[in-house]
Number of protein chains: 2
Amino acid sequence: MSDERLIERQCASELVLAGDFLQVRRDQIAFADGAIAQREYVVHPGAVVIIPVLDDGRLVLERQYRYPLGQVLLEFPAGKIDAGESRWTAAIRELAEETGYRAREWACAGVLHNAAAYSTELIEIWFARGLSAGPQSLDDGELIDLCLMQESELDALAAAGSLTDAKTLIGLLWLQKWRRGEWALTWQPAPAEAADPSTP
Amino acid sequence: MSDERLIERQCASELVLAGDFLQVRRDQIAFADGAIAQREYVVHPGAVVIIPVLDDGRLVLERQYRYPLGQVLLEFPAGKIDAGESRWTAAIRELAEETGYRAREWACAGVLHNAAAYSTELIEIWFARGLSAGPQSLDDGELIDLCLMQESELDALAAAGSLTDAKTLIGLLWLQKWRRGEWALTWQPAPAEAADPSTP
């Protein structure tokens, strides 16, 4: 099946919100048949989520207040990619900043699109193992409680509807598939410069 | 562990974008320690995703161009909740409009939060079975190709990194858990008024 008839072509593009945190664009687009429509969407730099697996098999998770939802969510560590930063570097940095953990080995499981209708965001999914603990170094205005959990605890929360964060549910899916040998991960040693986070 | 120290309290709220499609608010917030910060987020009416299971076990999926990503995604049917509409009614309506299918039985699997950092969106996850085919009735500016797929095909795409839509990956997780008897669904007959979609 060809995608030609589905594709929307940009005719014009305007920045309609230059917020401190969110950038929103409004584009005029044309369908393959020439009809015109409008699309509004958040321009996002992309993000990473990390599934940190301790040597004893437990997972490192975070509890964080999500203001737009008015509730605390249980999530795998995650964060936005900084300008000029590779996704892997962002994963190493976010894991260290939010949890204090450094990993000896990393594996990329792919990407997910979490809000395809109205955001350019993609989240790259990383596994981390060979973890050693250290101090958190949170950004201003970032409050995070860490929790160490078994896969079975996380699974029970998801089955009961108490685990609702999309990237975390997908991390659980990947973890269980990998542990059962159904979906493959390719592990790589952490880059040398990441071994000592005090190195500039 | 108490959540008190994590909670952010609203001090002021301003609508900073009233778009045709996106509404964005900027709030001043206070942390438990009195520090002040700002949050920008999309105000979203909520959505539903439907996992439609045919009597022969195949699944009904859609291919749709996602303009913010510049690519066609493979997704379970989904859509926004209309004003005053229940989530179940939205699921019945979206399945009928986007795919033409009507379901004899429905089961709600819970909710997911897909962009907790910058959107109020929640997506309620519905299963539909006992499906009978009918005509699509798409909105203006909605172009959707339907695909009927086996669970194994969807699983192979996910393993290869070619299935990236978050709600669809979570639908696959739920489907496999339910089929293995690990996560439970409670099925309900479709409401009477939904049996004949020509009834007002």
Side-chain angles (χ1 to χ4, degrees), chain A residues 1 3 5-8 16-17 19-22 24 26-27 29 31 35 37-42 63-69 72-73 75 109-123 140-141 143 145 147 155 158-159 161 164-167 169-170 172-173 177 182-184, chain B residues 1 3 5-8 16-17 19-22 24 26-27 29 31 35 37-42 63-69 72-73 75 109-123 140-141 143 145 147 155 158-159 161 164-167 169-170 172-173 177 182-184:
Chain A
M1 187 155 29
D3 288 342
R5 76 172 207 101
L6 300 176
I7 291 174
E8 300 168 3
V16 290
L17 177 69
D20 294 321
F21 180 63
L22 291 183
V24 178
R26 180 183 299 143
D27 290 11
I29 62 109
F31 295 100
Q38 195 171 274
R39 296 283 179 253
E40 288 174 357
Y41 56 98
V42 172
R63 302 186 74 254
Q64 191 173 4
Y65 189 74
R66 292 305 197 167
Y67 182 80
L69 304 175
V72 172
L73 289 195
E75 305 175 35
V111 303
L112 67 90
H113 294 112
N114 59 313
Y118 64 89
S119 174
T120 64
E121 183 173 8
L122 72 73
I123 304 179
D140 264 5
L143 281 177
D145 281 346
C147 342
D155 188 280
T164 62
D165 179 58
K167 63 187 176 301
L169 285 163
I170 292 166
L172 174 65
L173 169 68
K177 291 287 190 177
E182 292 177 18
W183 293 2
Chain B
M1 185 158 26
D3 288 341
R5 77 171 206 100
L6 299 177
I7 291 174
E8 300 168 4
V16 290
L17 177 69
D20 294 319
F21 180 64
L22 290 183
V24 178
R26 180 184 299 143
D27 290 11
I29 63 109
F31 295 101
Q38 194 171 277
R39 298 283 180 250
E40 288 173 356
Y41 57 98
V42 172
R63 303 187 72 251
Q64 190 173 4
Y65 190 74
R66 292 306 198 168
Y67 182 81
L69 305 175
V72 172
L73 289 195
E75 305 175 35
V111 302
L112 66 90
H113 294 111
N114 59 314
Y118 63 89
S119 174
T120 65
E121 183 172 9
L122 71 72
I123 304 179
D140 264 4
L143 281 176
D145 280 345
C147 343
D155 189 281
T164 61
D165 179 57
K167 63 187 176 302
L169 285 162
I170 293 166
L172 174 65
L173 169 67
K177 291 287 191 179
E182 291 177 18
W183 293 2

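Note that the structure is predicted; figures quoted are calculated from it, not measured. These numbers come from the heavy atoms of this one structure, side chains and all, not from hydrogens, waters or symmetry mates. Per chain, numbering begins at 1; letters A, B, ... match sequence-line order.
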Asks: Tell me the closest heavy-atom pair linking B/Val42 and A/Tyr118, and the distance in Å.
Replies: CG1-CE1, 4.2 Å
Asks: Need one label for A/Ala115: side chain, backbone, both or neither, based on atoms under 4.5 Å from any heavy atom in chain B.
Replies: both
Asks: So what's closer than 4.5 Å to chain B heavy atoms on A/Phe21: side chain, backbone, both or neither?
Replies: both
Asks: Locate the shortest heavy-atom distance separating B/Leu173 from A/Leu173; write the atom from each residue and the value.
Replies: CD1-CD1, 3.8 Å
Asks: What part of B/Ala117 gets closer than 4.5 Å to chain A, counting heavy atoms only: side chain, backbone, both or neither?
Replies: both
Asks: Please classify the contact of B/Val72 with chain A as side chain, backbone, both or neither, using a heavy-atom distance under 4.5 Å.
Replies: side chain
Asks: Determine the minimum heavy-atom distance between B/Glu121 and A/Leu69, stating which atoms define it.
Replies: O-CD2, 4.1 Å
Asks: Counting heavy-atom pairs closer than 4.5 Å to chain B, which one of A/Val111, A/Asp155, A/Ile123, A/Leu172 comes out on top?
Replies: A/Asp155
Asks: With sequence neighbours left out, write down each residue that passes side chain to side chain contact (heavy atoms under 4.5 Å, CB included) with B/Asp27, or none if nothing qualifies.
Replies: A/Tyr67, B/Gln10, B/Ser13, B/Arg25, B/Ile29, B/Tyr41
Asks: So, do A/Asp145 and B/Leu6 sit near enough that their side-chain heavy atoms are less than 4.5 Å apart?
Replies: yes
Asks: Taking A/Ala159, A/Gly161, A/Gly110 one by one, which has the highest count of heavy-atom pairs under 4.5 Å against chain B?
Replies: A/Ala159
Asks: Using non-hydrogen atoms only, which part of A/Val16 is less than 4.5 Å away from chain B: side chain, backbone, both, or neither?
Replies: both
Asks: Among B/Ala158, B/Ala37, B/Ala166, B/Gly19, single out the residue with the greatest number of heavy-atom pairs under 4.5 Å to chain A.
Replies: B/Ala166
Asks: Looking at chain A, which one of B/Lys167, B/Lys177, B/Glu40, B/Glu75 has the largest number of heavy-atom pairs inside 4.5 Å, strictly under?
Replies: B/Glu40
Asks: Shortest non-hydrogen contact from B/Arg5 to A/Leu143?
Replies: O-CD1, 3.1 Å
Asks: Give, as side chain, backbone, both or neither, the part of B/Phe31 having an atom under 4.5 angstrom from any heavy atom of chain A.
Replies: side chain
Asks: Go through it in stages, so that I can follow the logic: the residues are A/Leu122 and B/Thr164, the test is side-chain contact (heavy atoms from CB on, under 4.5 Å), and I'd like the CA-CA distance, side-chain angles, deciding distance and then a yes or no.
Replies: CA-CA 9 Å; A/Leu122 72 73; B/Thr164 61; over 6 Å; no
Asks: Which heavy atom of B/Ala116 sits nearest a heavy atom of A/Arg66, and at what distance?
Replies: CB-CG, 3.7 Å
Asks: Which region of A/Leu169, side chain (C-beta onward) or backbone (N, CA, C, O), has a non-hydrogen atom less than 4.5 Å from a non-hydrogen atom of chain B, or is it both or neither?
Replies: both
Asks: Looking at A/Asp165, A/Leu73, A/Thr120, which has the largest count of heavy-atom pairs under 4.5 Å with chain B?
Replies: A/Thr120
Asks: Among A/Ala35, A/Ser119, A/Ala109, which has the most heavy-atom pairs under 4.5 Å with chain B?
Replies: A/Ser119
Asks: May I ask you to name which of B/Arg39, B/Arg26, B/Gln38, B/Gln64 has the most heavy-atom pairs under 4.5 Å with chain A?
Replies: B/Arg39
Asks: Please step through side-chain contact (heavy atoms from CB on, under 4.5 Å) for the pair B/Leu22 and A/Val24, ending with a clear verdict.
Replies: CA-CA 9 Å; B/Leu22 290 183; A/Val24 178; 4.0 Å; yes
